[in-house]
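Here is the structure we will look at.
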Amino acid sequence: MTEDRHLFAELGLHPAIVEVVKGVGYVEPTAIQREAIPIVLAGRDVLGMAQTGTGKTAAFTLPMVQRLSATPSRKAPRGLVVTPTRELAQQIRRAVTTYGSASSIEAIVVHGGTRLGPEQEELAFGCDVLVATPGRLLDHLKRGNVDLSSVEVLILDEADRMLDMGFIDDVKTIVKATPDTRQTLLFSATMPNGVRWLAHELMRDPEEVRIGHEMPADGIRQLLHPVDWSRKHELLLYLLGEWPDGQVLVFTRTRDPATYLADVLRARAVSVASLHGGKHQDQRDKALKRFREGTTRVLVATNVAARGLDIRGIRHVVNFDVPEDPRDYVHRVGRTARGEDTGDAVTLMAASDWVEIRAIERLLERNIERQLVPGFEPEVSPPSLEEETKEVRKPTALRRGIRRRK
Ligand code: AMP
């Protein structure tokens, strides 16, 4: 254990924080932590490109906590984390509370979908770190419920997602309410031009940290199961029976199919909950909590849950529907194999899904292994791998070769 302490301590983290990290059970820093923590501790701005599941939350939270813990004040926030979704906001708040436990850092979270009143009271009470979604934070800012003039460290998490969701102007307004002297850390899974511009506008001479491409982590085994569209429910039930343990996260594209699929599974005695944007926040919280605790085995979710959700114990991710945006595929499958774990990501592929599948394979620069499930061979087949690979295969995919079913 002495060596573990040494590894995190080498990054410049305070012994008390190293103890907390040890307590959480981390043995060695991840790549993004090794790269980013010393730079953040040195006070530099950071432009970080890292996929989820790489440990980026700790990469920005640990040094922020260290910086703020010298003088915990619990008045106006000195650390501000802005992140696109409610679930991520809650998750980051938990991380700040955990990593800041040695130094009594007080973190609160504000996000849409809940009543303003209780948040307003919490804000009036004060905190060291505020974690927020952009829309709700702007709301509080306009009402004068929060003062951002003491912010020393500003973290923009999942910046590409905030851009996609149309939060760009909200984010800019929020940033304007913070002092120019702040330290800014911007993290994004991808680096489209919009994010680069934002970084250029908001940061001072940022150090770039780039961890890997936008690719699923190595521990994830990916499979495509060709199947007729009408038999996807049946195949999912069969697979759930084949997987003896571990939790399963199933993705549908939209809300109604998520509810319907959860009903179908429930009717077949599967312990299941659903999570989508049409649910009230308290229902979403409850569904997540039960899944997180392992009370429900299967969670059927839309992309709301795809980004950043960090739940240990998810052994299988199922793309019941193939995502329209190939980047969502990467985020969805990244929900398994968190940290050091391994996991499976299977995609149920009907003939009509192959255009989206090809887009995903182009992004991955490789073909995903096809595996027919006996008894579920489709009557309407997607184009054969050979036909597809003529168009899809790229030099890197050729080098890696295409794994086939034995
Ligand atoms: P993130 O990319 O921040 O969503 O983190 C992904 C997962 O990795 C979370 O479950 C973290 O608890 C875990 N994690 C973060 N840092 C480490 C580390 N140094 N060693 C092992 N697991 C870690």
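What you are looking at is a predicted structure, and each value in this text was computed from that prediction instead of being measured. Note that ligands are numbered from 1 as they come in the structure, with each ligand's atoms numbered from 1 the same way.
- Using a 4.0 Å cut-off between heavy atoms, Arg312 contacts ligand 1 through its side chain alone, with no backbone atom that close.
- Contacts between Phe60 and ligand 1 below 4.0 angstrom, taking non-hydrogen atoms only, are absent altogether.
- Considering both main-chain and side-chain atoms, Gln33 comes within under 3.5 Å of ligand 1 through a nitrogen or oxygen pair.
- Interface atoms of ligand 1 facing Thr57, defined by a heavy-atom separation under 4.0 Å, are 1 (P), 3 (O), 4 (O).
- Taking 4.5 Å as the limit, every side-chain heavy atom of Val272 sits out of range of all side-chain heavy atoms of Thr296.
- Between Phe8 and ligand 1, no pair of N/O atoms sits closer than 3.5 Å.
- Here the side chains of Trp354 and Arg358 are in contact, with some heavy-atom distance below 4.5 Å.
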| Gln120 and His140: side-chain hydrogen bond (donor to acceptor under 3.5 Å, both in side chains), yes or no, with the steps? | CA-CA 8 Å; Gln120 190 176 346; His140 282 297; 5.9 Å; no
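- Each of the following atoms of ligand 1 lies closer than 4.0 Å to a heavy atom of Glu28: 18 (C), 19 (N), 20 (N).
- Residue Lys56 has at least one heavy-atom neighbour below 4.0 Å for each of these atoms of ligand 1: 1 (P), 2 (O), 3 (O).
- Within the structure, the ring pair (Phe, Tyr, Trp, His ring centres under 6.0 Å) test picks out the following pairs touching residues 258-295 (sequence neighbours left out): His233-Tyr260.
- Under the rule for a ring pair (Phe, Tyr, Trp, His ring centres under 6.0 Å), Phe167 has no partner lying at least two apart in sequence or in another chain.
- The aromatic ring centres of Phe187 and Phe60 sit less than 6.0 Å apart.
- For ligand 1 and Gly55, the ligand atoms under 4.0 Å from any heavy atom of the residue are 1 (P), 2 (O), 3 (O), 5 (O), 6 (C), 15 (C).
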